[in-house]
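Fair warning: this is a prediction, and the values are worked out from it, not measured in the lab. For reference, positions follow the sequence shown, starting with 1.
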Amino acid sequence: MEKSCSLLIHFDKGTPALANEIKEALEGSDVPAKVDAMKKAVMLLLNGETLPQLFITIIRYVLPSEDHTIQKLLLLYLEIIEKTDSKGRVLPEMILICQNLRNNLQHPNEYIRGVTLRFLCRLNEVDIIEPLIPSIMSNLEHRHPYVRRNAILAVMAVYKLPQGEQLLADAPEKIENVLTTEQDPSAKRNAFLMLFQCAQERAINYLLTHVDRVSDWGDLLQMVVLDLVRKVCRTNKGEKGKYIKIIISLLNSPSAAVVYECAGTLVSLSSAPTAIRAAANTYCQLLQSQSDNNVKLIVLDRLNELKSSHREIMVDMIMDVLRALSSPNLDIRRKTLDIVLELITPRNINEVVLTLKKEVMKTQSGELEKNGEYRQMLIQAIHSCAVKFPEVASTVVHLLMDFLGDNNVASAIDVVVFVREIIETNPKLRVSIVTRLLDTFYQIRAARVCSCALWIIGEYCISLSEVESGIATIKQCLGDLPFYSASEEGEANDSSKKSQQINSTTLSSRRPAVLADGTYATQSAASETAFSPPTVVQGSLTAGNLRSLLLTGDFFLGAVVACTLTKLILRLEEVQPSKVEVNKATTNALLIIVSMIQLGQSSALPHPIDNDSYDRMVLCVRLLCNTGNEVRKIWLNSCHESFVKMLSDKQMRETEEIKAKAQISHSQPDDLIDFYHLKSRRGMSQLELEDAVQDDLKRATGEFVKDETDANKLNRVLQLTGFSDPVYAEAYVTVHHYDIVLDVTVINRTKETLQNLCLELATMGDLKLVERPQNYTLAPESSKQIKANIKVSSTETGVIFGNIVYETSNVFDRMVVVLNDIHIDIMDYISPAVCSDAAFRTMWAEFEWENKVAVNTVIQDEKDFLDHIIKSTNMKCLTALSALEGECGFLAANLYAKSVFGEDALVNVSIEKQADSKLSGYIRIRSKTQGIALSLGDKITLKQKGGS
């Protein structure tokens, strides 16, 4: 069994030291060797060894040593050795230890006295401590503050013992006298802490007597004062007013730690607007004054909590919070933007957007490593602002369009998606956005950005000039045709030689030849077998971005170009009165599309055109050759209607998420409401009046959330033993983030007294017991509540198992009752979360752990099965409802959740309805860690058949 100790030491069990070697080193006179031997002895004792033969050696050879290191190690050794026998009586040899401790407490060296007093704080044996009481008390008046502060802690530790009040009956009075005269800040803090924990009334009296001087006390003492205020105000809410004045006075403390604790205390004790505003101001000041990034992140977490419960006050602080963007840390900037975006109102939107614009412009000039990522976050924030308040879009859209050609592809994609949404929601900006997009289109270098920009051009170029400009821009960016050539090797290599050859060859020696693309060429009879394979034509230096992307084999982009040209030609037919111009434009568009098809079918590129892109381009060719009214309507109207529907679905989902985040009110018609206006206001401060108003409002609007219902509690009760067992046990399991609390009820069902009853638990998985089991005595037919705390470190499914051991007077052997296993459910650790499609795809590509579960269910409807999986796994469906509509026999959806440990869980559901109406397919789970992938897979396998 491991021994407890106040010092944690790493110990390598691979090469344990022998007891004889340690003994020889301790008996020698070499001080470094003694120090090394004492360390080895302490580590062996901590890891289960007993070493009884060393005790006398240490008493003889180590105890008299004057070396400070040896004396410190000796006290560690004395702390962990057994000092009592099996019946709890102190061992006789401890008398020697007691005499040594008394000598140390009277030692002329302050360090020896101090460390010995600290050692006594960890000693629980009253028989050893009792003879030392006079020496401990005498050290309260020692000249050195190090000794005095440790003496106060020793007095507090002794007073807390079961018989401490008998040993030191006058300790609170003496410590109060020390507190009055003490000048050392640490000693004063320890004295006040002793009164706070052992004689709270004296601490309160001292605080109220010196209330005007609290702001002058040291930060250590002020922290203890705040602890006392919190405790007193929670037990006696009627006296909250006078203590909150103390907290507000401490808000001006020079110590950042004190100021932070003050703000937290104010928020926990009062909901008055004045108090919340003071706390928010304090947090914002800390955000600016502290350079440590961890401190900034913690403060932002506190501001986020304030935003959830006191949004109307935090709205006024939005510009102060925005100043945190000056930090170069991306996590701080991301968290700041998340807070700010939920505090935007019509009053502050212009200021916020102006600040964000300035930050975007800073990213252009700076050369910081993560400027692109920061710019992407800013663009997403501006996008969110513009969606909520369309009137600000005109001030930012043109600035952001400068980043369509950004090297950071993700940032450019965000910009073009933003432009696509704004041009639909702000019809007044359509003309200016289209004009600017056509001017800057040549700067775009990413295929995905080009595709989205082309869709915008095809959809929103409406007037004649816009349509013609759109066609001209695309032609310019594609460059000269054809995209590849199949000329002679000599012609490909040297144009001057080609011209000489043409001049010197007679017409009679030439004849037409059909090239691979279907066109005619003239070749020399002498060299008709000297053709080189087709090569791509890169075009001139001014050739555009679309050509370079096409020549890399991106035929999806080619299909988008074909569709855009088709839309523009169809619209040109409506707005251009001249049929000649329309026919000319149609011919050019057909030539471009056919050239792209030929490029894809040639051997000039390593990869041929894919079937989807080929079919799309051929459809465009057929449409341009023969246009019907129904087809025209589909291309020019239906596509736009689908986009509008997509935007409305997105807005609806965001509205539902906001509603889901809103606090659910629980209020009954007969709940008591206290009207503070009818109460006496005598002696009440402004803060107390505001608190009364806030409490009334919360009670009236039902903001007080009630505890878990009895029915839910019963669902968490697990039976651990059988009804026929002599000891019945059941556990109520409470899971709260990193902690699991087992509240075990043990009932003695026999007519005998059960002695030394112990609940022995063990764990499997990433679970760890915090406390050691204790022994209890259980009277006949009585019960006992036993609590066990367990720490959790990951979402891997854990198991708690164990037994109950007890003794009776009739049976000498110990009786054992084996308990049922408790399985900790992963559902207690994960909660639904939301992320963008791009983020989902990125994580899906990065995460290395995948669990593939085959669909095996009796459910026959695809949507019912998806709903069942969502409910069973406690995840959020990221796929839009509109994408799941219809009856096609197939369904694919993405689910997402986040664990309390910050782990991401990604799930893809792909199912198909077979001819016999059964569902088949796979559910794929991906995560960064193995535990969550395996646990979710087990959960889905268990639940997917439609069971509970």
Which atoms form the tightest heavy-atom contact between [X] and [Y], and what is the distance?
X	Y	answer
Ile444	Ala453	CD1-CB, 3.9 Å
Met596	Gly558	CE-O, 3.4 Å
Gly470	Ile457	CA-CG2, 4.1 Å
Ala279	Val267	CB-CG2, 3.6 Å
Ala386	Ile422	CB-CD1, 3.7 Å
Val560	Ser451	CG1-O, 3.7 Å

Those residues that, when tested against [X], pass salt bridge (charged side-chain N to carboxylate O under 4.0 Å, His left out) (two or more places apart):
X	result
Arg448	none
Glu305	Arg302
Asp904	Lys898
Lys335	Asp301

[X] atom [atom1]: more than 12 heavy-atom contacts under 6.0 Å:
X	atom1	result
Phe556	CZ	no
Asn611	CG	no
Phe840	CZ	yes

Roughly how far, to the nearest 0.5 Å, is the [atom2] atom of [Y] from the [atom1] atom of [X]?
X	Y	atom1	atom2	value
Ser309	Ile276	OG	CD1	6.5 Å
Asn894	Thr879	CG	OG1	4.5 Å
Gln476	Ile471	CD	CD1	14.0 Å
Asn348	Ile318	CG	CD1	4.0 Å
Leu378	Gln376	CG	CD	10.0 Å
Asn304	Ile339	CG	CD1	4.5 Å

Go through the steps for Tyr896 and Val834 under the test side chain to side chain contact (heavy atoms under 4.5 Å, CB included), then give the verdict.
-> CA-CA 7 Å; Tyr896 179 64; Val834 179; 5.7 Å; no

Residues forming a side-chain contact (heavy atoms from CB on, under 4.5 Å) with [X], sequence neighbours excluded:
X	value
Ala256	Leu286, Gln290
Val434	Ile423, Arg430, Leu438, Tyr460, Cys461, Glu466
Ala892	Ser910

Answer yes or no: is there a side-chain heavy-atom contact under 4.5 Å between [X] and [Y]?
X	Y	value
Glu903	Ser927	no
Pro832	Met875	no
Ile474	Leu546	yes
Lys939	Ser872	no
Ile456	Val419	yes
Leu936	Ile830	yes
Ile870	Leu895	yes
Tyr374	Arg333	yes

Salt-bridge criterion met for Arg334 and Glu373 (N-O under 4.0 Å) |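 Yes, Arg334 and Glu373 are salt-bridged.
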
Taking 4.0 angstrom as the limit, do Glu342 and Lys307 come out as a salt bridge?
->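 Yes.
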
Tell me, with the steps shown, if His640 and Glu424 meet side chain to side chain contact (heavy atoms under 4.5 Å, CB included).
-> CA-CA 9 Å; His640 183 259; Glu424 173 58 36; 2.6 Å; yes

Counting only pairs under 3.5 Å, give me each side-chain donor-acceptor contact of residues 321-330, with atom names and distances, residues two or more places apart or in other chains.
{"unit_1": "Arg323", "atom_1": "NH1", "unit_2": "Asp320", "atom_2": "OD1", "d": "2.4"}
{"unit_1": "Ser326", "atom_1": "OG", "unit_2": "Arg323", "atom_2": "O", "d": "2.8"}
{"unit_1": "Ser327", "atom_1": "OG", "unit_2": "Asn329", "atom_2": "N", "d": "3.3"}
{"unit_1": "Asn329", "atom_1": "OD1", "unit_2": "Asp331", "atom_2": "N", "d": "2.9"}
{"unit_1": "Asn329", "atom_1": "OD1", "unit_2": "Ile332", "atom_2": "N", "d": "3.0"}

Only one of Val315, Ile349, Val353 passes side-chain contact (heavy atoms from CB on, under 4.5 Å) with Ile344; say which it is.
->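 The residue from Val315, Ile349, Val353 that satisfies side-chain contact (heavy atoms from CB on, under 4.5 Å) with Ile344 turns out to be Ile349.
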
Got a sec, which pairs hit side chain to side chain donor-acceptor pair (under 3.5 Å) with one end in residues 838-852, sequence neighbours left out?
->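 Checked against side chain to side chain donor-acceptor pair (under 3.5 Å) - neighbours excluded - the pairs reaching residues 838-852 are Glu850-Arg924, Glu850-Arg926.
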
How about Asp414 and Ser411: does a side-chain donor come under 3.5 Å of a side-chain acceptor?
->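 Distance-only check fails for Asp414 and Ser411.
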
Go through the steps to decide whether Leu337 and Leu356 satisfy the test side chain to side chain contact (heavy atoms under 4.5 Å, CB included), and finish with yes or no.
-> CA-CA 10 Å; Leu337 290 172; Leu356 295 178; 3.7 Å; yes

Is it true that a side-chain atom of Lys388 and a backbone atom of Leu341 form a donor plus acceptor pair closer than 3.5 Å?
->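 It does hold such a pair.
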
Would you find a donor on one side and an acceptor on the other, under 3.5 Å apart, between the side chain of Thr435 and the backbone of Val431?
->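 Side chain of Thr435 to backbone of Val431, a donor-acceptor pair under 3.5 Å: yes, one is there.
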
For Phe441 and Leu454, what are the C-alpha separation, side-chain angles and deciding distance, and is it a side chain to side chain contact (heavy atoms under 4.5 Å, CB included)?
-> CA-CA 9 Å; Phe441 185 81; Leu454 285 168; 3.6 Å; yes

Can you give the donor-acceptor pairs under 3.5 Å from side chains of residues 390-404 to other protein atoms, not counting sequence neighbours?
{"unit_1": "Thr395", "atom_1": "OG1", "unit_2": "Val392", "atom_2": "O", "d": "2.6"}
{"unit_1": "His398", "atom_1": "NE2", "unit_2": "Ser432", "atom_2": "OG", "d": "3.4"}
{"unit_1": "Asp402", "atom_1": "OD1", "unit_2": "Arg436", "atom_2": "NH2", "d": "2.3"}

Residues in ring-ring contact (aromatic ring centres under 6.0 Å, His included) with Phe643, at least two apart?
->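 Phe643: ring-ring contact (aromatic ring centres under 6.0 Å, His included) contacts with Trp455.
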
Is there a side-chain hydrogen bond (donor to acceptor under 3.5 Å, both in side chains) between Ser935 and Asp938 once you walk through the steps?
-> CA-CA 5 Å; Ser935 301; Asp938 294 341; 5.7 Å; no

Can you list every pair that meets ring-ring contact (aromatic ring centres under 6.0 Å, His included) and has a residue in residues 407-436, with sequence neighbours left out?
->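 Qualifying pairs: His383-Phe418.
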
